[in-house]
2 protein chains.
Amino acid sequence: MTVGQAADERLLRIGEVARGAGVSVRAVRYYEQQGLLIAERSPSGQRLYRQDTVTLVRFFQQMFAAGLTSRRIAELLPCWDTGHTDAEQRAMLRAERDRIQAKVDDLQAALDRLDEVIAITDTHP
Amino acid sequence: MTVGQAADERLLRIGEVARGAGVSVRAVRYYEQQGLLIAERSPSGQRLYRQDTVTLVRFFQQMFAAGLTSRRIAELLPCWDTGHTDAEQRAMLRAERDRIQAKVDDLQAALDRLDEVIAITDTHP
DNA sequence: CTTGCCTCTGACGTTAGCGTCAGGTTTTAG
DNA sequence: CTAAAACCTGACGCTAACGTCAGAGGCAAG
């Protein structure tokens, strides 16, 4: 039975990962440099990634958008790789969550102020 | 009647504005350089601000936190100075509001993912 | 074989909102 | 009067996530 073996998944080249995740090739190399990704190498030295790397890169993008640094993401990677965390990691998780929540509140307040101005300037040509 | 004349408001020096708004003196100078603030000058060249400048600076902070650039804020300043806007400004206001709303949604999604991980790692020592 | 696209490793460039240092004047407290 | 505190104008530094360019190798198609 050679069919259905997940281990036979075709590995992806960097360009495929980049296009799949909607980022640049440069970004993918950068993630590796920051310790977020580890790639196999072909005999000629080209990077080869597993297919789930695309999902992982998308996840990085989401965390970046939330204001986490690549360093922080790297420190927290074990959390969803292994599902296990130590006290320090749990503290970081909560700190990030609180920070993001605070940011959401700030943005919401800014949004309200802008809507205020929009309402005024719309009725007041 | 010299009492109660708003025009007699004591003008503030840059340090007072900075402390009042919770920013650095450097930041206030930077805002002026970006066209966000205009200061009178004392005979010796020191900047003098009206008291409502403190409120204005706090407003700048809020907009910065929402991701607006100083350039954009400068372009939109007439909106809440005069209450009047042209079509271009109204478009910018809506664009910024939509961008912030999208960012709020992104942050909320990231928040949900983090809470997910937190829930798992809390029940799964 | 060669054309064209993909990939590689450096390494410098960019942006925004300030921080910070230097070197000098001004205002204020005592 | 004097010393500290505050202010002034440059001007370079900083950070993070890449962009971009240079120069060179790799790989499938025709």
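Protein chains get the first letters and strands the later ones, always in sequence-line order, with residue 1 at the start of each.
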Got a donor-acceptor contact below 3.5 angstrom from the A/R94 side chain to the B/I118 backbone? no

Exam field: side chain B/Q89 to backbone B/D86, donor-acceptor pair closer than 3.5 Å: yes

What's the CG-C1' distance between B/L36 and C/dA16, to the nearest Å? 13 Å

Let me know the distance between CD of A/Q34 and C1' of D/dA16, rounded to the nearest Å. 9 Å

With no hydrogens and no angle check, is any side-chain donor or acceptor of A/Q34 less than 3.5 Å from a backbone partner on A/Y31? no

Run the salt-bridge test on B/E116 and B/R113 with the 4.0 Å N-O cut-off and return the result as yes or no. no

Whole-Å distance between D/dG19 C1' and A/Q33 CD? 14 Å

Report yes if a side-chain nitrogen or oxygen of A/Y30 is closer than 4.0 Å to either non-bridging phosphate oxygen (OP1 or OP2) of D/dC18; otherwise report no. no

Value in whole Å for how far the P atom of C/dA16 lies from CZ of B/R72: 12 Å

Rounding to an integer number of Å, can you tell me how far A/E32 CD sits from C/dC8 C1'? 12 Å

Taking salt bridge (charged side-chain N to carboxylate O under 4.0 Å, His left out) as the test, write out the residues that go with A/D112, two or more places apart. none

When rounded to whole Å, the CD1 to P distance for the pair B/I14 and D/dC8 reads 5 Å

Does any donor-acceptor pair link the side chain of A/R29 with the base of C/dT9 at a separation under 3.5 Å? no

Which nucleotides of nucleotides 23-30 of chain C have their base under 4.0 Å from a protein heavy atom (B), which only their sugar-phosphate (S), and which neither (-), written as one string 5' to 3'? ---SSS--

In terms of side-chain heavy atoms of B/S70, which of C/dG19, C/dG17, D/dC7 is nearest? C/dG17

Quickly work out the A/E40 CD to C/dT7 P distance and round it to whole Å. 16 Å

For residues 56-69 of chain A, which residues have at least one heavy atom under 4.0 Å from DNA chain D? A/Q61, A/F64, A/L68, A/T69

Would you mind classifying the nucleic acid contact of B/R71 as base, sugar-phosphate or nothing, using non-hydrogen atoms under 4.0 angstrom? nothing

Counting distance only, does the side-chain N/O of B/R97 pair as donor-acceptor with the main-chain N or O of A/D115 below 3.5 Å? no

Phosphate OP1/OP2 of D/dC18: any A/Y31 side-chain N/O under 4.0 Å: yes

If the cut-off is 4.0 Å, is B/R19 near the phosphate of D/dA5, judged by side-chain N/O to OP1 or OP2? no

Same hydrophobic cluster for A/Y30 and A/L48, using side-chain heavy-atom links shorter than 4.5 Å among ILVMFWY? no

Of the listed nucleotides (C/dT20, C/dT9, D/dC18), which one gets closest to any side-chain atom of B/R26? C/dT20

Determine, for B/R72 against B/E75, whether the closest basic-nitrogen to carboxylate-oxygen distance falls under 4.0 angstrom. yes

Please check if the side chain of A/R58 supplies one atom and the backbone of A/G22 the other of a donor-acceptor pair under 3.5 Å. no

